[in-house]
Amino acid sequence: MSLTLRLAFYPRLHCVVRNVVTSCSKGATDTVVVPKSSGAPLIIQDKWKDDKGAVEGREAWVETLDNSTNSTQLGLIHLNPRIFASYPRLDIIHENVVWQKKSRMVNYAHTKHRSEVRGGGKKPWPQKGSGRSRHGSIRSPLWKGGGIVHGPRAFTTQFYMLPYHKRVRGLISTLSAKFAQDDIKIVENLDMPSDEAGYLEQLCEDRYWGPSVLFVDESDIMPRNITLATDTLGHMNLMPVYGLNVYSMLKHTTLVLTVGATRLMEEKLLYNLDRPDGRSLVTRFRK
Amino acid sequence: MASRGTEKALSLLSRLPRIELQNLKPNPGAKKNRTRGRGIHGGKTHGAGSKGSGQRQNFMRLGYETGNNPFYLRFPCQNYYKGHHLKVSYVPLCMGQLQKLIDTNRLRTDLPIDVTQLINTGLFNIKPLEKEGGFMLQDDGMDHFRATVNLEVQWASEATIAAVERNGGVVTTAYYDPMALEAAVNPIPFFKRGKAIPRRMLPPQHLIDYYTDPKNRGYLADPKLVANERLKLAQKYGYPLADSAILKPTDAKLKEYYLA
């Protein structure tokens with residue numbers, strides 16, 4: 001497979017500034033919101049209370065889905081390295097994908113047990129005297145056409161819950177891996193000037209956003225235009241933050257997050273990384 | 001956390017093909033294909049041996065040793081374990097550990113530190129059903145204990161009491177009966193049961209003396225006697241008490257009066 005240039009086209013940052021509303025995250029103590037009047041570039045930086053300090057943070061462009069503006073890049077956002085630059089545990093990502101698939105899978109394959117196969121209630125021939133081997137039923141597993149002993153039984157599920165911290169690590173690893181491979185795009189919000197699918201498709205093509213795109217916003221009520229645009233497109237989907245999962249993130253090539261969604265997600269994941277009641281999530285049937 | 005290994009891994013990833021559902025795989029050795037025992041590997045007698053009660057699924061009772069006096073019947077009752085099922089044990093809480101919890105912000109000093117707060121840190125667990133009575137304050141690390149706390153434990157020695165009071169803190173020993181302890185250790189499930197909150201029982205006979213003794217800062221002791229003991233302990237160990245300091249007058253007239 002040839003190495004494709006996955007770097008997005010970065011135009012020079014013009015001094016176009018918008019009032020970006022960022023969510024007030026629990027962990028953040030200092031959010032920079034630049035007003036419209038000033039000519040300074042937009043930099044969204046949060047200082048996290050429990051910053052480990054010694055690692056270099058990650059930065060990403062804040063873009064807009066509005067092609068009518070001067071430049072599609074609005075400014076810069078600082079991302080928490082514990083979420084977007086953690087070690088990409090591919091084995092945990094694999095476990096998460098397997099868990100998601102197996103948990104919802106229902107096996108409908110079914111074989112009949114000897115009691116379910118039609119017939120076989122009568123003893124075929126008397127116990128002694130016929131010279132043939134002794135049998136009690138013509139549908140025993142020994143017989144051709146008889147019941148299957150350990151065959152698949154319909155509606156078999158393989159539901160299980162992956163340990164809590166593996167699921168958290170899975171999300172973090174996927175985000176880190178995707179960020180490292182330039183497949184995460186941060187947008188200001190999901191507002192679009194047009195509600196046509198063609199507009200969105202053209203936009204994604206111009207920006208080299210992969211064949212499939214997953215748009216993630218804070219709440220499950222999305223702006224009208226993008227809802228209509230993605231309605232007919234199967235390869236472009238909308239998702240609220242609470243629906244974020246490893247399988248969907250890998251199924252779609254590009255992951256487009258809004259600033260609010262990013263901050264909300266960071267807050268939740270950071271809390272779950274070192275919460276004091278972590279033991280209660282791991283012990284079973286004890287309360 | 002981006003250590004050198006992490007940075008290397010992430011920079012590697014940026015040059016490798018995109019991670020997709022198609023190119024994921026488990027760690028080597030993680031996947032084990034479980035096969036049903038057939039033929040050579042678990043067939044013929046299927047682990048049941050040959051003949052005898054085992055193969056015929058008519059097993060001997062547990063502990064039976066085919067006729068000789070079994071182990072569980074050989075020894076008579078021993079006195080050393082008499083009443084073991086009635087004895088209550090306490091979870092140790094070292095002073096050094098307490099200091100570390102306060103320093104790392106896992107415990108707040110502005111609120112009283114009792115059983116519930118200690119359990120909420122997530123580092124301790126008390127099982128009232130296994131005859132655990134609560135926390136006991138241990139003297140490991142009391143020499144460098146610096147925090148001012150309002151502490152409530154179930155057992156404390158003289159030295160530990162002195163260590164807490166030296167820093168201006170307050171320590172009390174309180175008895176929690178098993179039901180009350182269950183509620184204190186896990187308050188939310190307790191309240192969800194919707195039952196009326198029962199009264200906390202008084203300590204049993206053999207513990208009444210302990211909790212009424214001001215020397216142990218018992219919660220049933222007379223507060224005046226407790227204050228007296230506090231003063232005595234400060235004098236014994238040789239540290240000043242904040243509230244027993246003699247405050248000199250600041251008013252000019254009073255100063256003049258006392259000088260004369």
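Labels below follow one simple rule: chain letters A, B, ... track the order of the sequence lines, proteins then strands, and each chain is numbered from 1.
Looking at B:K25, the atoms closer than 4.5 Å to chain A (heavy atoms on both sides) all sit in the backbone: N, CA, C or O. Contacts of A:T253 with chain B are made by both backbone and side-chain atoms, with heavy-atom separations under 4.5 Å. No part of A:F179 comes within reach of chain B, as not one of its non-hydrogen atoms sits under 4.5 angstrom from that chain. Contact annotation for A:H252: neither backbone nor side-chain heavy atoms come within less than 4.5 Å of a heavy atom of chain B.
Applying the side-chain hydrogen bond (donor to acceptor under 3.5 Å, both in side chains) criterion to B:Y90, with sequence neighbours excluded, gives no partner residue. In this structure, the side chain to side chain contact (heavy atoms under 4.5 Å, CB included) partners of A:K268, at least two apart in sequence or on a different chain, are A:L264. B:W155 pairs by the side-chain hydrogen bond (donor to acceptor under 3.5 Å, both in side chains) definition with nothing, not counting sequence neighbours.
Interatomic distance, B:I19 CD1 to A:L90 CG, rounded to the nearest 0.5 Å: 4.5 Å. To the nearest 0.5 Å, atoms CZ (B:R18) and NZ (A:K178) are separated by 6.5 Å. Here the CG atom belonging to B:L24 is positioned 12.5 Å from the CD1 atom belonging to A:I92, to the nearest 0.5 angstrom. Atom OH in A:Y87 sits 12.5 Å away from atom CD in B:E7 (nearest 0.5 Å).
Chosen from B:A9, B:P26, B:G122, the residue pairing most often with chain A at heavy-atom distances under 4.5 Å is B:P26.
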| message | I'd like to know whether B:L13 forms a side chain to side chain contact (heavy atoms under 4.5 Å, CB included) with A:Q181, so could you lay out the CA-CA distance, the side-chain angles of the two residues, the decisive distance to 0.1 Å, and finally the verdict. | response | CA-CA 6 Å; B:L13 262 185; A:Q181 299 192 315; 3.7 Å; yes
| message | For a side chain to side chain contact (heavy atoms under 4.5 Å, CB included) check, start with the C-alpha distance between A:R58 and B:L10, then their side-chain angles and the critical distance, and finish with the verdict. | response | CA-CA 12 Å; A:R58 288 299 195 260; B:L10 292 169; 3.5 Å; yes
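Applying the 6.0 Å contact sphere to CG of B:L86 captures more than 12 heavy atoms from other residues, nucleotides or ligands. Residue-environment remark: CZ (A:F155) stays at or below the threshold of 12 foreign heavy atoms within 6.0 Å. Residue A:M105 places its CE atom among more than 12 non-hydrogen atoms of other residues, nucleotides or ligands, all under 6.0 Å distant. Surrounding OH of B:Y81 are more than 12 heavy atoms belonging to other residues, nucleotides or ligands, all under 6.0 Å away. More than 12 heavy atoms of other residues, nucleotides or ligands shown are found within 6.0 angstrom of CZ on A:R153.
Of residues 93-120 of chain B, those residues with a non-hydrogen atom less than 4.5 Å from any non-hydrogen atom of chain A are, in numerical order, B:R106, B:N120.
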